[in-house]
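Here is how names work: the chains are called A, B, and so on, in the same order as the sequence lines, proteins then strands, and each is numbered from 1.
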Amino acid sequence: MTGERRERRAQLATPLGPFERMAEIRAVEEHIQLLFNEGHVRGSTHLSNGQEAVAVGVAAAARLTDVVTCTYRGHGQALALGLTAKEVIGEIVGRTVGCAGGLGGSMHLVGPDVGLWPTFAIVGAGLPVAVGAALASQVNRSGRAAIAVFGDGAANIGAFHESLNLAAIWQLPVVFVCENNLYGEYTRIQLSTPVSDLADRAAGYAIPGLVVDGQDVAAVTAAVSEALERARADGGPTLLEMKTYRYSGHSKSDPGSYRPAGELDQWLRRDPITIEAGRLIDGGTATAEQLAAVSSRIAAEVRRAAADALAAPQPAVAEMLIHVHG
Amino acid sequence: MTGERRERRAQLATPLGPFERMAEIRAVEEHIQLLFNEGHVRGSTHLSNGQEAVAVGVAAAARLTDVVTCTYRGHGQALALGLTAKEVIGEIVGRTVGCAGGLGGSMHLVGPDVGLWPTFAIVGAGLPVAVGAALASQVNRSGRAAIAVFGDGAANIGAFHESLNLAAIWQLPVVFVCENNLYGEYTRIQLSTPVSDLADRAAGYAIPGLVVDGQDVAAVTAAVSEALERARADGGPTLLEMKTYRYSGHSKSDPGSYRPAGELDQWLRRDPITIEAGRLIDGGTATAEQLAAVSSRIAAEVRRAAADALAAPQPAVAEMLIHVHG
Amino acid sequence: MTKVRMRQAVIQALADELESDPSVILLGEDIAAAGGAFKATEGLLDRFGPVRVRDTPISEMGFLGAAVGAAMAGLRPVVEMMFVEFTGVALDQLVTEAAKVSYLSRGELTAPLTVRASAGAGLGFGCQHSQFLDHWFRATPGLKLAVPSGARTAYGLLRAAIRDPGPVVVLEPRVLYGDREDVEFGEAGILPLGRAHRVSSGDDVTLVALGATVPTAVAAQQLAAGAWTADIIDLQTLVPWDRQSVLGSVRHTGRLVVVEESPYSGGWGSEICDYIAGELFGELTAPALRVTTPDTPVPYSQPLEERFVPSPELVADQVGQLLATGRRPAPWWEASAQR
Amino acid sequence: MTKVRMRQAVIQALADELESDPSVILLGEDIAAAGGAFKATEGLLDRFGPVRVRDTPISEMGFLGAAVGAAMAGLRPVVEMMFVEFTGVALDQLVTEAAKVSYLSRGELTAPLTVRASAGAGLGFGCQHSQFLDHWFRATPGLKLAVPSGARTAYGLLRAAIRDPGPVVVLEPRVLYGDREDVEFGEAGILPLGRAHRVSSGDDVTLVALGATVPTAVAAQQLAAGAWTADIIDLQTLVPWDRQSVLGSVRHTGRLVVVEESPYSGGWGSEICDYIAGELFGELTAPALRVTTPDTPVPYSQPLEERFVPSPELVADQVGQLLATGRRPAPWWEASAQR
Ligand SMILES: Cc1ncc(C[n+]2csc(CCOP(=O)(O)OP(=O)(O)O)c2C)c(N)n1
Ligand SMILES: Cc1ncc(C[n+]2csc(CCOP(=O)(O)OP(=O)(O)O)c2C)c(N)n1
Ligand SMILES: [Mg+2]
Ligand SMILES: [Mg+2]
């Protein structure tokens with residue numbers, strides 16, 4: 001497992017890597033919607049289509065040994081960091097091939113060997129934990145950095161405040177990546193948050209805060225890389241606000257009808273996969289036809305992965321009784 | 001009780017009122033230190049000498065119907081709002097004459113008829129509660145405002161962040177009064193907080209944030225009055241940072257030895273009672289001799305109050321079994 | 001009587017209280033415009049307006065604390081905690097603040113707030129969104145705790161909770177929101193806190209259940225097909241629980257089985273069993289028995305989660321063994337992990 | 001063996017672990033420069049330096065969560081919660097995060113952190129700084145809970161907690177910090193979690209106690225002056241508790257009395273009583289009895305607080321009544337509020 005995951009992670013450094021991975025995330029999320037419609041997904045599932053550039057940019061900038069804490073909206077991040085479509089989908093349909101053996105579910109993907117700590121279903125909970133990973137790095141002088149990925153809605157919870165303050169006062173190697181997709185569940189950011197750029201909150205902790213184009217994977221990679229470099233050089237934490245958008249509703253059962261007409265269309269014009277495709281074509285790395293072929297290859301692979309996942313066995317009852325205590 | 005409390009509150013509007021009340025607070029706190037040394041005070045007790053101007057300025061600016069939430073360091077605030085020395089000391093020595101009948105103790109003074117809600121021993125807890133009082137006012141259109149008094153150390157806890165954000169997004173009539181006395185327990189602010197003016201954190205919520213001279217009771221009264229006026233005019237919350245200093249250690253058993261040499265002396269030069277005395281003398285309201293006489297009268301009254309309190313009975317066992325459920 | 005889903009009964013209870021008492025307000029994440037994550041506040045924004053029905057930022061400590069303050073100021077706020085787990089960032093306000101308000105002010109102030117939280121397993125939300133966590137709200141003098149078992153109790157207990165002079169937590173078993181039941185609306189449908197309800201009468205055993213385990217207990221008796229009959233008692237309120245009702249029943253049946261959706265270690269059933277066994281020392285014909293969840297997090301996988309929660313089959317089997325042997329059967333995970 | 005105060009035993013346990021394991025770090029408010037509010041970390045900053053012994057801002061959610069993360073990253077953080085109440089703003093990190101780490105990662109990750117918190121009544125800190133709150137940490141699969149009863153157990157349990165592969169909470173009864181006891185330092189003094197300790201041997205009754213009620217139980221037996229003798233069992237670990245030891249003892253004595261500093265409603269003793277009564281059904285000579293605090297907040301007033309916590313006199317009286325009548329005596333607040 002680890003070998004394949006690492007290889008997949010390394011692919012992000014190839015010219016087509018980010019495009020491919022974003023295409024894969026898109027395909028997986030679309031597939032999960034189908035699986036949900038067919039009744040294979042329990043509870044809730046939170047798709048990240050539209051936000052692929054953040055996930056891939058973060059993973060491309062991070063070292064394999066760095067730690068990433070992220071949320072229930074973590075399928076994209078898991079795939080970006082290196083988990084395979086089969087283990088992500090497998091987890092979401094609760095099968096033994098899932099990354100947590102089917103015991104975690106959609107909100108709890110995990111892959112410690114590539115830095116993915118069990119994703120957090122409690123808003124804000126991943127921030128202090130990332131701070132702790134960074135603290136361990138400072139104690140050990142391990143060079144490891146931590147990245148906390150969270151939403152705009154999470155910027156109003158106490159853990160956000162305490163985490164940024166702690167990281168600042170201790171100058172810890174941690175990067176706070178806020179995916180500002182304009183909504184927390186069904187509530188538009190203006191109704192919950194009195195400032196327009198969350199990056200501005202960095203000033204309250206005397207740390208750098210930057211707004212980043214979250215639809216441009218190169219911009220995300222560059223911003224996260226720079227922040228990680230500063231972090232590793234004992235320069236302390238950074239708050240990065242990624243302006244992005246989720247194409248789907250909050251969770252599987254939400255049609256997103258609270259969004260103003262036209263908003264989605266506007267964001268679709270800045271689709272991260274299209275933007276990256278444009279860059280590859282403009283730079284002469286690939287032709288539109290080649291990219292289309294890549295996309296359909298990936299779509300086919302994801303279909304196969306989903307079929308494999310569904311065909312895998314359900315976990316045995318004995319599984320639920322183990323690994324309870326540390 | 002209510003009559004006397006109200007009368008005492010009204011006295012703050014007289015020319016000598018603020019001076020007298022500050023002198024009383026000083027005398028009470030000094031007396032509590034004595035009572036502690038003699039073993040009459042249990043648990044912990046947190047003196048507010050040095051910070052009298054904040055307590056009195058807040059009380060002078062607030063209406064009788066306004067709500068004040070404050071901390072364990074609340075003796076001064078209780079006296080300023082109108083509680084008598086006997087009921088404050090009585091509570092601290094656990095007698096029936098105490099404002100909570102001796103069941104609350106030093107950290108839990110209470111006087112709802114003059115706006116003092118049971119003081120909060122959990123750092124930060126009073127802020128959301130004040131927000132709630134302000135919310136009720138907005139719902140009822142009662143004109144009531146709320147004031148949350150808390151320390152610099154509390155500005156690093158999640159409840160601070162959530163409360164300011166909530167108050168801002170709902171434009172609630174609440175004033176956040178931060179008593180920045182440079183220390184949270186034994187820790188100097190620079191070791192816990194990466195910004196030098198906590199008032200600057202107001203920007204993260206798009207509300208006004210002001211630094212106020214917390215040793216000048218007139219400046220405190222003016223700043224709180226202005227903020228309350230804005231609050232009542234639907235102008236939303238304000239964060240006021242009172243620069244102040246506590247002369248004693250954090251709690252009764254702390255000699256304050258972590259403070260740099262000379263710091264206390266420097267602050268003693270800006271003693272709030274001396275500053276107010278100077279104003280009264282310069283303005284021709286009173287002579288130094290008159291003020292000295294006032295101070296010794298008050299000291300004698302406080303001594304008597306303490307003696308009365310100590311002479312009062314302990315609460316009966318049956319008292320602890322009642323008022324448990326709402 | 002009207003047959004409605006539990007979530008509709010919640011809406012009706014809230015609407016009736018909002019209607020009859022202008023001091024009632026609602027706070028919570030996405031409860032207003034969106035009608036609630038479980039649609040248990042649907043339509044209330046339209047009817048009662050944005051001043052009384054408010055969406056909040058994601059700030060549980062902040063808005064739970066605000067509810068405490070608003071309650072002390074004379075309102076009767078009803079807070080929705082979308083999942084009971086979220087109280088884990090805000091518990092202080094309920095336990096250490098709200099529950100002490102009356103005591104510290106010697107009755108001068110009260111904090112009549114209600115916290116509604118969806119709770120429990122069964123829907124595949126995974127281990128951070130499926131706990132029941134009733135124990136966080138027990139052992140707190142000054143705080144009451146009610147748990148509905150369907151639409152009828154959801155309506156009646158919630159209205160009583162809102163009217164209670166102190167803070168009350170209502171844990172709504174999430175798995176029941178869609179279930180239908182006959183409800184008597186209006187004043188007559190209000191169910192006083194602290195009283196249990198006998199769901200069925202029998203002779204062999206008293207089954208004490210709470211929330212989602214009430215239908216489980218009923219189904220278990222059906223599975224028994226007359227092999228035994230039970231007094232099935234829906235506890236309805238866990239703090240304070242109705243000692244007299246349970247005592248009366250067990251005095252009659254001589255046997256007590258508690259069906260809990262809480263862990264074997266630390267679950268609420270021990271208090272029931274211990275109290276009754278002590279009061280009826282020497283009078284029971286079998287030891288009191290608890291049927292609980294295992295001491296594990298809640299698994300996501302469907303077959304595993306179904307195994308996690310006590311099923312009617314499990315309850316029927318455990319009761320059957322108790323009756324047959326007069327001894328406590330081992331919990332299933334000890335008897336055999338493979339079963 | 002060295003006679004030291006409990007707070008010194010805590011310091012020694014921390015020092016020994018800091019010494020023997022470079023991955024151990026300490027976090028908490030004023031634990032470094034000031035040596036802790038209860039001076040239970042005094043001198044450790046000087047010995048181990050500011051990287052490993054850190055003062056934190058007042059941010060319990062933040063630093064408790066940071067400890068979870070640091071633990072997952074391979075450290076063994078020990079967090080001090082100055083008063084257990086402060087966990088009320090941070091409980092999520094312990095219950096819903098740390099306790100699930102191993103399960104969710106199928107054992108690939110662990111969260112070996114220790115939370116030390118001072119707890120309990122007796123020192124006049126008032127109702128927001130005197131609760132015991134053990135119940136917040138029970139009913140949480142994946143989380144262990146230990147409670148020392150003096151210097152010996154403070155040393156031995158804390159070292160075991162730090163070495164445990166998962167998260168452990170150690171509630172240190174605040175009232176005992178100054179008490180002295182003989183302690184065996186070093187590896188031999190480490191006390192495995194999950195094991196109880198028999199403090200004294202007797203024949204008439206088993207007294208199960210925990211934390212500060214252990215010395216209370218011992219004193220109660222002294223008051224009895226030979227009228228009865230007790231097996232006094234110091235539970236030491238509450239989750240998981242040592243079923244076998246208690247069972248063995250009660251099998252011998254036939255009677256069980258639990259002495260708890262927790263409320264009558266919701267206290268931990270019910271689980272002990274119920275389990276034992278069920279296992280020894282028909283073999284007990286009296287009903288299991290709990291001696292608890294009343295269902296009220298902790299009063300500040302000294303005479304009232306002394307009444308609040310079970311006293312040796314109360315325990316002796318209740319045990320005496322149990323032995324004399326074979327029935328449970330009423331709790332004191334029911335018998336007469338004036339007594
Ligand atoms: C403490 C807590 N409160 C509430 C929730 C319910 N909840 C889940 S996701 C969500 C919205 C989060 O919004 P945001 O942080 O912007 O992230 P996004 O979902 O947009 O990625 C809410 C309120 C939760 N999981 N945890
Ligand atoms: C949540 C919480 N954490 C920690 C404490 C312990 N504590 C009591 S006072 C205090 C310092 C508070 O400092 P500050 O806010 O500056 O107020 P000050 O005491 O200086 O008035 C601390 C840490 C507490 N009471 N509550
Ligand atoms: Mg969002
Ligand atoms: Mg301070």
Side-chain angles (χ1 to χ4, degrees), chain A residues 122-129 131 148 150-172 174 176 178 180 183-184 187-209 211 234-239 241, chain B residues 122-129 131 148 150-172 174 176 178 180 183-184 187-209 211 234-239 241:
Chain A
I122 304 295
V123 166
L127 280 83
V129 173
V131 166
F150 54 97
D152 48 291
N156 294 327
I157 202 156
F160 167 89
H161 178 63
E162 298 188 6
S163 298
L164 269 70
N165 190 67
L166 260 186
I169 202 77
W170 287 342
Q171 289 289 293
L172 297 177
V174 54
F176 297 101
C178 178
N180 182 350
Y183 294 87
T187 299
R188 205 175 165 69
I189 183 167
Q190 285 84 350
L191 297 172
S192 65
T193 314
V195 291
S196 43
D197 288 334
L198 289 166
D200 290 350
R201 286 192 168 164
Y205 315 97
I207 64 171
V211 172
D234 292 330
T238 303
L239 172 61
E241 179 186 3
Chain B
I122 304 295
V123 166
L127 281 82
V129 173
V131 167
F150 55 95
D152 48 292
N156 293 327
I157 203 157
F160 166 89
H161 178 65
E162 297 187 8
S163 297
L164 269 69
N165 190 67
L166 260 185
I169 202 78
W170 287 343
Q171 289 289 291
L172 297 177
V174 54
F176 297 100
C178 178
N180 182 350
Y183 294 87
T187 298
R188 205 177 166 68
I189 184 167
Q190 284 84 348
L191 297 173
S192 65
T193 314
V195 291
S196 44
D197 288 334
L198 289 166
D200 290 349
R201 286 193 169 165
Y205 317 97
I207 64 170
V211 172
D234 292 332
T238 303
L239 172 61
E241 178 186 3

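- Contacts of Ser196(A) with chain B are absent, with no heavy-atom separation under 4.5 Å from either backbone or side chain.
- The contact between Ser192(B) and chain A is made entirely by backbone atoms, counting heavy-atom distances below 4.5 Å.
- For a residue to count as touching a neighbouring chain, one of its non-hydrogen atoms must lie under 4.5 Å from one of that chain's; by this rule Asn156(A) touches chain B with backbone and side chain alike.
- At a 4.5 Å heavy-atom cutoff, the contact between Ala155(B) and chain A is made by backbone atoms alone.
- Across all their heavy atoms, Pro194(A) and Asn165(B) have their closest contact at CD-OD1, 2.9 Å.
- In plain terms, the two heavy atoms of Ile169(B) and Leu191(A) that are nearest each other are CG1-O, 3.2 Å.
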